[in-house]
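Worksheet: the structure to be examined is printed underneath.
Convention: sequence-line order gives letters A, B, ...; per-chain numbering from 1. In what follows, every heavy atom counts, from backbone to side chain, and hydrogens, waters and symmetry copies are set aside.
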Amino acid sequence: MIADIGLITLTLGFVLALYAVGASLYGGWRGQWKWVESARNAVLLVFGLLTISVLAVVYSLIRLDLSVAYVTEVSSRATSLFLRITALWGGQRGSLLFWSWLMAGFVAAVSLRKWESDRTLMPYVIAVATLTTSFFIFVVTFFANPFARVWHIPGTNEVVKAVFPPPGAERFVPVDGQGLNPLLRHFGMIGHPPTSYIGFTGFVIPYSFAIAALITGEARKDAWLRTTRRWTLVAWLFLSIGLLLGGRWAYDVLGWGGFWGWDPVENAMLMPWLTGTAFLHSVMITEKRGMLKVWSVVLIILTYILVVFGTFITRTGLVSSVHAFARSSLSMPFFIFIGLMLLGSLTLLMKRLDTLKSDHELESFVSREAVFLLQNMLFVAITVAVFWGTVFPMISELITGDRITVGPPYFNKVTGPMFAALVLLMGVAPLFAWRRQAARTLGKALWAPFVVAVLFAVALGIRYHMHPAAVFGIWLISFVALTTLLEFWKGMRARMSARKEDPLTALARLITRNRRRYGGYIVHLAVCLMALAVIGDAYFKQETQAPLRIGETLTLNGYTIRFDGLREYLGSDGREVLEAEISLFKDGEFVRVLRPRRDYFIVQQQPVTIPAVHTTFAADVYVLLVGWEEITATSATFKMYWNPLIIWMWTGGILLIIGTLIAMWPDRMALGDVSYVLRPTTTQPQPSAGG
Amino acid sequence: MRWVRWLVAIAFLTAMILRPPTAIAQEGSRVPTDDEVNAIAKKLYCPVCPNTPLDVCETLACRDWREQIRDQLAAGWTEEQIITYFVERYGQRVLAEPQRKGFAALAWVLPVIAVAVGLAIVIQVLRAWRARRALATAPPTPASVDVPPEVVARVEKEIKDLW
C-alpha cells in the first residue's frame with residue numbers, strides 16, 4: 001500500500017519533471033514569466049513527490065514489506081534498524097532513487113534563490129538541471145524501480161520482479177530477504193554513500209549554470225561563475241568527504257591494510273574530483289583576470305560528464321570491481337545519455353565560442369597565470385591517466401580478447417610524478433603575482449623554506465636510511481608546508497605591526513577577513529598532511545605474516561603480538577564470527593588487547609575480514625586474522641601491518657573540511673539569498689513575447 | 001639382460017649427479033615462510049576475483065594458489081619463474097600492471113602523450129597571450145599614420161575649439 005503510494009508519486013514526479021523542462025524552456029524562450037514560474041513550482045513539487053517516494057521505500061524497508069522486490073534484495077528479518085534505513089542506498093534501485101531525490105533537492109534549492117541577478121539564466125538553469133534529473137527519474141521508474149513487486153507464475157518455478165504483474169502471475173511474498181551486501185553492513189554506511197552522492201549530484205548546479213550561460217550567450221559576463229562558486233564548493237566538499245570516508249571504510253573493512261586501491265569505482269569518484277578541483281582553480285583566473293573562460297566551461301562540463309560516467313560505472317558494474325554489486329540492463333540508457341550530453345554540451349560550446357573570448361593578455365611566462373595553467377593541465381592529465389587505466393582492461397579485452405589487470409602499481413607510477421608536480425605548484429603558486437613575477441623576489445621568498453626543507457629531509461633520510469624517492473617526498477611536503485605557513489606568517493606580521501594586534505587576533509582576523517584566500521591555504525596545508533600519509537603508505541609500510549600457536553608471538557618493527565585464543569560465535573544477522581584475541585606489546589610492554597575477526601556470511605557465502613587496529617600518531621598497527629586451524633582452534637595465522645603516518649590522512653581530511661568551510665562561508669547570513677516569493681518579478685515590465 | 005641393469009644404474013647415477021642444484025637444495029630445506037610467499041603473491045592478481053591482489057585475496061582458490069607458490073618456492077623456483085608460470089597458465093591478467101610490450105604498452109604510452117600534448121598546449125597558449133600583449137602595447141608605427149600634417153593640425157584645432 002505504502003509502496004504503491006511511492007510508485008504513484010515517483011511516476012508523477014517524472015511527468016512533472018518533464019513538464020518543468022518544457023515550461024521553463026518555453027518561458028525562457030518567449031520571455032513569459034508565468035511559464036517559468038510554473039516550472040519552478042513544478043520543480044519544487046517534484047522534490048516533494050520524490051521525498052514521499054523515498055519515505056515510502058524507507059518505510060517498506062523498516063516494516064520489511066517483502067512483497068517489494070527491493071526490500072528482499074537489501075534487507076532481511078535479521079537486519080538492524082540502522083541498516084534497514086541506510087539500505088535505502090544499499091542497492092541499485094534504492095540508490096538511484098536516492099540520487100534522483102538529492103538532485104531534485106539541489107534543483108529545488110537553486111530555484112528558491114533570488115533571481116534578480118540571473119534573471120535571464122534561471123529559466124535555462126532550471127531546464128537543464130531538471131532535464132538531467134528527469135533522466136535519473138526515468139531510469140528509476142523504468143529500469144530500476146524500487147517499488148517493483150515480486151511475482152510468481154503458478155505452476156512454474158519462476159519468480160519475476162516487475163512493477164506490473166506478468167500475465168497470469170500472482171503476488172509472491174518470500175519468507176525472508178537476502179539482507180544487505182555483507183561489505184555494506186557497517187557504520188560507514190551512514191557516511192560514505194550519502195556524502196558521495198551529495199557531492200556527485202551537487203555538480204548539477206554549476207553544470208546547469210554553465211550550459212544556461214552558453215544558451216543565453218551570457219557566458220561573457222562571468223556572472224554565472226560568481227553565482228555558482230559556492231554551489232561548486234559545496235559539491236566539491238561533499239565529494240572530498242565522500243572520498244575520505246570511503247578510504248576510511250576500505251581501511252576498516254576490506255582488510256588489505258590500505259585506504260586506496262585504485263579500484264575502478266574509486267577512480268570513478270576521483271576523476272570528477274580532479275576536474276572539479278581544476279575548475280575551482282581555473283574559476284579564480286576567470287574571475288580575476290577574465291581569462292580561460294572556455295576552459296572553465298569545458299572543465300565543468302567534463303566534471304559533470306565524469307559524474308554521470310561514475311554512476312554509470314558504479315551502477316552497471318560495467319567495469320568489474322569489488323563494488324560491482326549492481327549489474328543490470330542500465331548500460332544502454334546511460335551510454336546514450338552520456339553520449340547526448342557530451343555531444344550537446346560540446347556543440348553548444350562550439351557555437352558560443354565567440355562569447356567566451358578572453359579579455360586579457362599575459363606579460364610574462366613567469367606569472368601566476370602560467371602556473372595556474374600548468375596546474376590545470378596536470379589535473380586534467382592525471383584525470384586522463386586515471387581514465388585510461390580504468391577503461392584499459394575493457395579496451396584490451398575488446399581489441400585483443402585478452403583481459404589484463406591495471407592495478408595500483410600502474411597508477412602509482414603514472415600519476416605519482418604528476419601529483420608530486422602538483423604539490424610543488426601548490427606551494428609556489430601563491431608566491432607568483434598575476435601578470436608578471438620578478439624572478440629575484442621569487443627567489444628571495446623561496447630560498448629559506450627550500451634550504452630548511454632540504455636539510456630536514458636529508459637529515460631524516462640519513463637517520464632512517466630512506467629511499468631517495470621518500471627523501472624527495474619529504475622535502476617536497478616540508479617545502480610546500482613551509483611556504484604556505486610563511487604566507488600566514490607574513491600576513492600576521494603585517495597586521496601585528498600595522499594594527500598593533502596580538503599574534504592570535506592577527507591570525508584570526510587575517511583568516512576571517514580573507515576567507516577565500518586563507519581557507520584555500522588551509523586546504524593546501526591539509527593536502528600536505530594527506531601527502532605525508534601517502535608517502536608513509538608508499539615507502540615505509542611494513543608487513544609480516546605467520547601462523548601462531550597459542551602463546552606464540554610475532555614481531556614487527558618494535559610491536560609484538562601474542563596469540564591468546566580463538567572463539568567462535570553466531571552473529572545476530574546471519575554471520576558466523578571467528579574472533580581471535582591477541583595481546584599487543586610495544587618494546588616488550590603490554591599495550592592492549594586486539595580482536596581481529598573473520599565474519600562469514602552464511603546466506604551470501606561471503607567471508608569478510610575485519611582488522612583490529614591500534615592507532616598512534618606515528619603509525620597504526622593493523623592486524624588481520626587470515627587463517628586458522630579448523631578443528632583444534634589452537635593455531636591461527638595473522639597478518640600484521642605497520643602503517644606509518646596514516647593518521648595524517650584523516651587529520652588532513654578534517655583540516656581540509658575546515659579550510660573549505662572557511663573559504664565558502666557566506667559573508668553575511670545567506671538568508672537574504674533565499675527568496676520565498678515565488679513570482680520572480682512584480683515591478684519590472686515583462687519582456688515582450690518574442691522580443 | 002645384465003647390461004640393461006647396468007644401463008639403468010648408470011642412468012640413475014648420472015641423473016643424480018646432473019640433477020639441478022636447486023632440486024638438491026630442496027632436501028633439508030625449510031618450508032618457505034608466509035612472508036616469502038606474500039612477497040610474490042603481492043605482485044600477482046587473482047585471475048578470478050577482480051582487482052584483488054593475490055596476497056590478500058581470501059577465496060579458497062587464492063589460498064590454493066598461494067600454497068602452490070609455496071610449493072614452487074620450496075622446489076627452488078625463482079620469483080620470475082613462478083610469475084611466468086602463472087602468466088602462461090592464466091594469462092596476462094594475473095599481472096598487477098600491464099606489460100610494457102605488445103598492445104598492453106599502450107596503457108603506458110598514452111599518459112605520457114597526454115602530458116606532452118598538455119605541455120605543448122600550455123606553452124602555445126602562453127605564447128599566444130604574450131603575443132597579444134605585444135600587439136596591444138606596441139606603439140603605433142609612423143608608417144601607419146598616413147595622414148598629411150596639415151589635416152592633423154586642423155583636427156587638433158577643431159578639437160581645441162570644441163572645448
Side-chain angles (χ1 to χ4, degrees), chain A residues 254-257 261-264 291-292 319-322 324 358 360-365 369-370 373-374 376-378 380-382 384-385 388-389 392-393 395-396 399-400 402-411 413-415 418 543-547 598 607-609 624 626-627 637 639, chain B residues 33-39 41-47 49-53 55-60 63 66 91-99 102-104 106-123 125-137:
Chain A
L254 291 183
W256 85 81
W262 295 104
D263 178 87
M291 298 160 112
L292 291 182
V319 184
S320 56
S321 77
V322 290
S358 47
H360 292 272
E361 66 290 312
L362 192 71
E363 285 177 35
S364 164
F365 275 21
E369 287 91 334
L373 217 54
L374 203 59
N376 259 245
M377 186 279 282
L378 280 169
V380 174
I382 295 174
V384 169
W388 186 238
F392 193 75
I395 292 174
S396 166
I399 293 177
T400 65
D402 197 7
R403 198 176 171 88
I404 61 162
T405 305
V406 180
Y410 169 85
F411 289 102
K413 280 175 200 162
V414 172
T415 64
M418 291 197 262
E543 62 173 89
T544 185
Q545 177 181 324
R598 160 68 62 87
V608 176
T609 310
L624 290 166
V626 295
T637 304
K639 189 172 211 168
Chain B
T33 64
D34 288 353
D35 284 345
E36 285 162 346
V37 173
N38 280 342
K42 197 187 267 301
K43 292 174 185 157
L44 290 171
Y45 268 64
C46 149
C49 340
N51 297 304
T52 318
D55 65 324
V56 293
C57 190
E58 286 304 323
T59 57
L60 278 179
R63 279 160 185 260
R66 281 198 293 269
Q92 277 194 47
R93 65 159 64 182
V94 299
L95 293 174
E97 57 178 46
Q99 287 179 319
F103 182 76
L106 259 185
W108 296 96
V109 173
L110 192 103
V112 177
I113 296 178
V115 173
V117 170
L119 273 178
I121 292 176
V122 166
I123 291 171
V125 166
L126 288 176
R127 278 217 181 116
W129 282 352
R130 215 168 55 166
R132 195 181 304 160
R133 174 182 161 77
L135 213 69
T137 53

* Shortest non-hydrogen contact between Phe103(B) and Ser396(A), atoms and distance -> CE2-CA, 3.6 Å
* **For the student: nearest non-hydrogen atoms of Leu106(B) and Trp388(A), plus distance** => O-NE1, 3.2 Å
* Part of Asp35(B) within contact of chain A (heavy atom distance under 4.5 Å) -> both
Under 4.5 Å from any heavy atom of chain B - which part of [X]:
X         : answer
Thr637(A) : side chain
Val626(A) : both
Val406(A) : both
Thr609(A) : side chain
Leu624(A) : neither

Heavy-atom pairs under 4.5 Å with chain A are the metric here; pick the option from [options] that has the most.
options                        : value
Ala107(B), Pro98(B), Pro53(B)  : Ala107(B)
Ala114(B), Ala96(B), Gly118(B) : Ala96(B)
Val122(B), Asp34(B), Val115(B) : Asp34(B)

* Asked: Sub-3.5 Å donor-acceptor pair from the side chain of Lys639(A) to the main-chain atoms of Asp55(B), do we have one?
  -> yes
* To do: Please determine which of Val125(B), Ile123(B), Ile121(B) meets the side-chain contact (heavy atoms from CB on, under 4.5 Å) test together with Leu373(A).
  => Val125(B)
* To do: Could you check whether the rings of Trp108(B) and Tyr410(A) sit parallel, tilted or perpendicular, using 30° and 60° as the cut-offs?
  => perpendicular
* To do: Mind checking the CZ-CD spacing from Arg66(B) to Gln545(A)? Nearest 0.5 Å is all I need.
  => 7.0 Å
